[in-house]
Amino acid sequence: MQWDTGNSNSNQHWEISTTGMGSYILTQHNSKMILTINGEEAAGATLSQIPNASYLWRIVETSVNVPEEKIVRGAEWENELIFAVNKEQGHNTYIVYPTTSSLKADKYFDTPWIKPESPYYQSLDGQWKFNWVKQPSERPVDFYKESYNASSWTEITVPSCWESLGYGTMLYTNIRYPFRKNPPLIQTVPGYTIEKEPNPVGSYRKEFTIPDNWDNKQIFLHFNGVYSDMYLWVNGQQVGYSQGANNDAEFDITSYVKRH
């Protein structure tokens, strides 16, 4: 037909209604178009969906079985069952203050688009070490290790958009998928950007120091938006994973930080 196969794909669902004369009408579940045959009724004939058509079918028993649907899953980003690993539950974004009075005294209280001045808040916005590759197989797999030397990497401003800074190709698509429709795998389509940039990966590194007055306190690392998925390591240890269309992601890194 016009769509990839898949039991869960509603574009492959059909409504079968009887005429009362031993024949049936096949209607597409989504479009409500009628299934018809172009030309003569013969093996290999072309099927079409036509609105407001009149075409009758007979249903006969066959020994041919419907092929079993096999789903091949890969890493977290190619597994539709995994959207988060060791990530905090979603909640409204807030900043912690020592007291209610210190919260109200901060200009952020009345103008929440400026930087908060809470002693329990530290922004990591700014310059990060950055490496971009066009597909996962080319990424620096050991970059998260403390011993890794990233001195030759360029720097990128966080927050920012890769493509607007010259990394990869800007892409806009309305109707067509920018990748092959074979979920959950990320596969290329000839003639599309993904053919030359199959699945770009950006690797970021940032060194920062936790304030002394955070001792014995729970520490969260909050990302205001990451597109479209991310892994997080802290001090060489993998913390977790998040996936979503520029969704917030928050991780408890208390046990991963080092105190000197």
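Position 1 is the first residue of the sequence; numbering continues from there.
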Undergrad: Start with the C-alpha distance between I16 and W57, add both sets of side-chain angles, then the distance that settles side-chain contact (heavy atoms from CB on, under 4.5 Å), and finish with yes or no.
TA: CA-CA 10 Å; I16 303 176; W57 294 83; over 6 Å; no
Undergrad: Under 3.5 Å, is there a donor-acceptor pair between the side chain of T99 and the main chain of S102?
TA: yes
Undergrad: I want to check something: taking the side chain as every heavy atom from C-beta on, are P119 and P211 in contact at a cut-off of under 4.5 Å?
TA: no
Undergrad: Quick check: closest heavy atoms across T188 and P198, and the distance to 0.1 Å?
TA: CG2-CB, 4.1 Å
Undergrad: Indicate the atoms forming the closest heavy-atom contact of S118 with D106, along with that distance.
TA: N-OD2, 4.0 Å
Undergrad: Check for a donor-acceptor pair, side chain of E78 on one end and backbone N or O of I186 on the other, with a separation under 3.5 Å.
TA: yes
Undergrad: Which of parallel (below 30°), tilted (30 to 60°) and perpendicular (above 60°) describes H91 and H222?
TA: tilted
Undergrad: Hey, any chance Y144 and Y241 share a hydrophobic cluster, counting ILVMFWY side chains that come within less than 4.5 Å of each other, even indirectly?
TA: yes
Undergrad: Check the pair Y256, N235 against side-chain contact (heavy atoms from CB on, under 4.5 Å), reporting the backbone distance first and the verdict last.
TA: CA-CA 7 Å; Y256 298 89; N235 289 324; 5.5 Å; no
Undergrad: Does S48 reach the side chain of N38, with side-chain heavy atoms less than 4.5 Å apart?
TA: yes
Undergrad: So how far is it from R180 CZ to I194 CD1, rounded to the nearest 0.5 Å?
TA: 11.5 Å
Undergrad: Give a yes or no on whether the backbone of Q28 and the side-chain of Q49 come within a donor-acceptor separation of less than 3.5 Å.
TA: no
Undergrad: If you group Ile, Leu, Val, Met, Phe, Trp and Tyr by side-chain heavy-atom gaps below 4.5 Å, do V234 and V226 land in one group?
TA: yes
Undergrad: Look up atom CD in E15 and atom OH in Y24, then write down how far apart they are to the nearest 0.5 Å.
TA: 15.5 Å
Undergrad: Got a donor-acceptor contact below 3.5 angstrom from the T18 side chain to the G20 backbone?
TA: yes
Undergrad: Which pairs pass salt bridge (charged side-chain N to carboxylate O under 4.0 Å, His left out) with one or both residues in residues 143-159, sequence neighbours excluded?
TA: D142-K145, E146-K258
Undergrad: State, with a plain yes or no, whether a side-chain heavy atom of Y97 is found less than 4.5 Å away from one of Y108.
TA: yes
Undergrad: Got a second to check how far L26's CG is from L47's CG, nearest 0.5 Å?
TA: 9.5 Å
Undergrad: In terms of side-chain geometry, is the basic nitrogen of E207 or K129 positioned less than 4.0 Å from the acidic oxygen of its partner?
TA: no
Undergrad: State, to 0.1 Å, how close A53 and I34 come at their nearest heavy-atom pair, and which atoms those are.
TA: O-CG1, 3.6 Å
Undergrad: Has the side chain of E197 got a donor or acceptor atom that lies under 3.5 Å from a matching backbone atom of T193?
TA: no
Undergrad: Are any of the side-chain heavy atoms of Q243 and I82 separated by less than 4.5 Å?
TA: no
Undergrad: May I ask you to test the D125-P159 pair for a side-chain heavy-atom distance under 4.5 Å?
TA: yes
Undergrad: Would you find more than 12 non-hydrogen atoms of other residues, nucleotides or ligands less than 6.0 Å from N246 atom CG?
TA: yes
Undergrad: Any chance you could measure K87, atom NZ, to L232, atom CG, to the nearest 0.5 Å?
TA: 11.5 Å
Undergrad: Answer yes if Y148 and V141 sit in the same cluster of Ile, Leu, Val, Met, Phe, Trp and Tyr residues linked by side chain heavy atoms under 4.5 Å apart, and no otherwise.
TA: no
Undergrad: List the steps, then state whether side-chain contact (heavy atoms from CB on, under 4.5 Å) holds for Y120 with N213.
TA: CA-CA 8 Å; Y120 298 150; N213 64 341; 4.1 Å; yes
Undergrad: How far does CG of N247 sit from CG of N224, to the nearest 0.5 angstrom?
TA: 12.0 Å
Undergrad: Apply side-chain hydrogen bond (donor to acceptor under 3.5 Å, both in side chains) to residues T169 and E163 and explain how you reach the verdict.
TA: CA-CA 6 Å; T169 305; E163 290 80 6; over 6 Å; no
Undergrad: Side chains of S164 and M170, heavy atoms from C-beta outward: is any pair under 4.5 Å?
TA: yes
Undergrad: Give a yes or no answer on whether the side chain of K206 reaches the backbone of Q127 with a donor-acceptor pair at less than 3.5 Å.
TA: yes
Undergrad: Hey, is the main chain of S203 close enough, under 3.5 Å, to the side chain of R139 for a donor-acceptor pair?
TA: no
Undergrad: I'd like to know if the side chain of T27 and the backbone of K32 have a donor-acceptor N/O pair within less than 3.5 Å.
TA: no
Undergrad: Taking all non-hydrogen atoms of both residues, which atom of R73 and which atom of P184 are closest, and how far apart?
TA: CG-CG, 4.1 Å
Undergrad: Are L165 and V158 connected into the same hydrophobic cluster when the rule is that any two of I, L, V, M, F, W, Y join if their side-chain heavy atoms are below 4.5 Å apart?
TA: yes
Undergrad: Side-chain atoms of residues 131-138: list all donor-acceptor pairs with protein atoms under 3.5 Å, sequence neighbours left out, distances to 0.1 Å.
TA:
from, atom 1, to, atom 2, distance (Å)
K134, NZ, E138, OE1, 3.4
K134, NZ, E138, OE2, 2.7
Q135, NE2, E138, OE2, 3.0

Undergrad: To the nearest 0.5 Å, what is the distance between CG (L221) and CD (Q122)?
TA: 10.0 Å
Undergrad: Answer yes or no: is there a side-chain heavy-atom contact under 4.5 Å between K115 and S123?
TA: yes
Undergrad: Could you tell me which non-hydrogen atom of W77 sits nearest to which non-hydrogen atom of N199, and how far apart they are?
TA: CZ3-ND2, 3.5 Å
Undergrad: For the residue pair F223 and F251, establish whether any side-chain heavy-atom pair is separated by less than 4.5 Å.
TA: yes
Undergrad: When hydrophobic residues are tied together by side-chain contacts of less than 4.5 Å, even through go-betweens, does F83 share a cluster with Y227?
TA: no
Undergrad: Listed by chain and number, what are the side-chain contact (heavy atoms from CB on, under 4.5 Å) partners of E41, not counting sequence neighbours?
TA: I37, Y55
Undergrad: Quick one: closest heavy-atom pair of W162 and G202, and the distance?
TA: CH2-N, 3.2 Å
Undergrad: I would like to know whether Y167 and F130 meet side-chain contact (heavy atoms from CB on, under 4.5 Å); could you show each step before the answer?
TA: CA-CA 11 Å; Y167 298 97; F130 181 70; 3.8 Å; yes
